[in-house]
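First the structure, in the form of structure tokens, and then the observations on it.
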Amino acid sequence: MLILGIESSCDETGVALYDDQLDLLAEDLFSQVALHAPYGGVVPELASRDHVRRLIPLIESVLAKAKRQLADIDLIAVTEGPGLSGALLVGTSVAAGLGLALGIPVVGVHHLEGHLLSPLLARPSPAFPFVALLVSGGHTQLMAVEEVGQYQLLGETVDDAAGEAFDKTASLLGLPYPGGPALSALAQTGDHKRFRFPRPMLHSPDLEFSFSGLKTAVLTEVRKHEVNAALDKKTRADLAASFQEAVVDVLVAKCLAALKKTHMSRLVVSGGVGANVRLRASLTSAVSKHGGEVFFPPLHLCTDNGAMIAFAAALKHARGQINLREKPTRFSVRPTWPLAIDR
Ligand code: KG4
Ligand code: ZN
């Protein structure tokens, strides 16, 4: 079965072709980073308009790369939510139009389910069950994953998401949008022991997170240093490294607590912050020390992409969770859409 995956929930237009017998055949992505950079964040209307421009050429591009025709596609998988409604509408309307024209089914995929299952695209891939840490720009969640479609929320952030904390702190340090990658690159040259930032909720008995106080702590330190002069290069790098260390410490501690609570040994990490080198190294060493294993998606699939959407649909199809007889007669978006069943 050949599946076309379409992702357009935020600022990346992602398209991929996944063959359930042959693996990932082709993928392509257009990142809108340069478009939004002058505004310091994603401008929803600009995002939607750009998805309109990029989507069809990207579909043509993956078909050409995979040497396939439109008529070869058996199923279209598209991000239905959560995300920016205008941006989602571009993907779902193109998917529905194509599905109608080709007479093939279209399935709406949950963006976070795409992220969550993307580590299964790596080799070796984790077996079920596992604990999933989802760390993106909009979400920080720990889930117990029994099987595809069975997600139990163990804990989540009560305020900012981890990626959001990276982005806001990066902006305090004068780094360009998107802040996460820029901050983590700067942190590599800094001393993470110079500033001792709080580890919010580190010792709370639950699996909740809180990151908004951390950026305020960084701001307080920035102001102290800016009294006499602009922040020097070394101080900025040390602030970045110390902030990153605080976030990583909390994420690692909560992941270990989640593994203990669920009596599971496998941890699967996904979402944009999963690309963070320091987080990857710390989690790998901490979890292996406790006899467990950590799995990450291939680095380029940590952030938004079409491959994870096609792949999630393939896994659901293999388990009979997709009705292939249902042809598109309408399309919908779900800008807010909870994934997990409640605790
Ligand atoms: O999963 P994603 O691409 O989009 C959402 O669904 O949110 O995640 C984007 C987030 C942004 O906040 C970005 O700054 C962060 O992931 N990010 C990183 C790194 N790469 C991306 N944060 C820390 N370190 C990184 N290397
Ligand atoms: Zn995402």
Side-chain angles (χ1 to χ4, degrees), residues 5-14 29-33 36-37 40-42 44 47 78-84 87-88 91 109-119 132-141 156-157 159-173 175-190 192 209 211-212 214-215 240-241 243-252 268-283 296-309 311-312 335-337 339:
I6 297 176
E7 155 65 35
S8 72
S9 67
C10 190
D11 58 347
E12 256 116 21
T13 324
L29 184 88
F30 185 86
S31 168
Q32 302 177 355
V33 162
H36 301 293
V42 178
V78 60
T79 304
E80 192 176 342
L84 302 170
L88 289 164
V109 173
H110 195 295
H111 179 78
L112 295 182
E113 189 170 26
H115 275 304
L116 195 147
L117 297 172
S118 63
L133 170 70
L134 233 159
V135 267
S136 69
H139 294 82
T140 301
Q141 296 185 329
E156 64 185 328
T157 182
D159 43 50
D160 290 354
E164 194 178 355
F166 266 91
D167 293 338
K168 288 179 177 171
T169 304
S171 146
L172 288 177
L173 295 176
L175 296 169
Y177 162 89
L183 191 148
S184 78
L186 180 63
Q188 284 190 353
T189 63
H192 67 79
F209 304 85
F211 292 112
S212 70
L214 201 45
K215 73 169 185 277
F243 161 82
Q244 176 175 266
E245 202 64 10
V247 175
V248 168
D249 275 358
V250 175
L251 291 174
V252 169
V268 164
V269 183
S270 58
V273 185
N276 186 276
V277 178
R278 183 76 185 164
L279 178 66
R280 285 182 166 234
S282 297
L283 274 178
F296 298 94
L299 208 53
H300 77 283
L301 296 183
C302 279
T303 43
D304 294 348
N305 62 85
M308 68 183 192
I309 302 303
F311 182 61
T336 53
W337 183 8
L339 175 62

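Being a predicted model, the structure only gives us computed values, none of them experimental. Counting convention: from 1, in listed order, for ligands and their atoms alike.
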Looking at [atom], what's its closest protein heavy atom, distance included?
| atom | result |
| --- | --- |
| atom 2 (P) of ligand 1 | D304 OD1, 3.5 Å |
| atom 20 (N) of ligand 1 | G272 O, 3.4 Å |
| atom 22 (N) of ligand 1 | G180 CA, 3.6 Å |
| atom 6 (O) of ligand 1 | H111 NE2, 3.2 Å |
| atom 24 (N) of ligand 1 | N276 ND2, 3.0 Å |

* For the side chain of D159 and the backbone of T157, is there at least one donor-acceptor N/O pair under 3.5 Å apart? ->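 No; zero donor-acceptor contacts below 3.5 Å.
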* Does H110 have any ring pair (Phe, Tyr, Trp, His ring centres under 6.0 Å) partners at least two apart in sequence or in another chain, and if so, which? -> W337
Would you check if [X] and [Y] make a side-chain contact, meaning some heavy-atom pair closer than 4.5 Å?
| X | Y | answer |
| --- | --- | --- |
| L279 | Q244 | no |
| L251 | V269 | no |
| L133 | L283 | yes |
| P297 | P119 | yes |
| H115 | D304 | yes |
| N276 | F166 | yes |
| R280 | L299 | yes |
| L29 | H300 | no |

Compute the minimum heavy-atom distance from [X] to ligand 1 and say whether it is under 4.0 Å.
| X | value |
| --- | --- |
| G138 | yes |
| P181 | yes |
| H139 | no |

Subset of ligand 1 atoms that lie under 4.0 Å from at least one heavy atom of [X]:
| X | answer |
| --- | --- |
| S184 | 24 (N), 25 (C), 26 (N) |
| H115 | 1 (O), 6 (O) |
| G163 | 12 (O) |
| G137 | 5 (C), 7 (O), 8 (O), 9 (C), 10 (C), 12 (O) |

* May I ask which of C10, P178, S136, S118 has a heavy atom nearer to atom 5 (C) of ligand 1 than the others do? =>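 Shortest heavy-atom distance from atom 5 (C) of ligand 1: S136.
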* To do: Would you check whether T303 has a nitrogen or oxygen atom less than 3.5 angstrom from a nitrogen or oxygen atom of ligand 1?
  => no
* Which segment of D167 sits under 4.0 Å of ligand 1 when only heavy atoms are counted ->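 It is the side chain that touches ligand 1; the backbone stays farther off.
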* Asked: Taking atom OG1 of T79 and atom NE2 of H111, what is their separation to the nearest 0.5 Å?
  ->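 It comes to 6.5 Å.
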* **side-chain hydrogen bond (donor to acceptor under 3.5 Å, both in side chains) against D11, all qualifying residues, sequence neighbours excluded** =>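 For D11, the residues satisfying side-chain hydrogen bond (donor to acceptor under 3.5 Å, both in side chains) (neighbours in sequence not counted) are Y177.
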Listing, residues 181-190 side-chain donor-acceptor contacts under 3.5 Å, not counting sequence neighbours, or none:
unit_1, atom_1, unit_2, atom_2, d
S184, OG, P181, O, 3.2
T189, OG1, L186, O, 2.7

* Structure fact -> Report for the Zn ion (ligand 2), protein N, O or S closer than 2.8 Å, by chain and number, lists H111 NE2, H115 NE2, D304 OD1
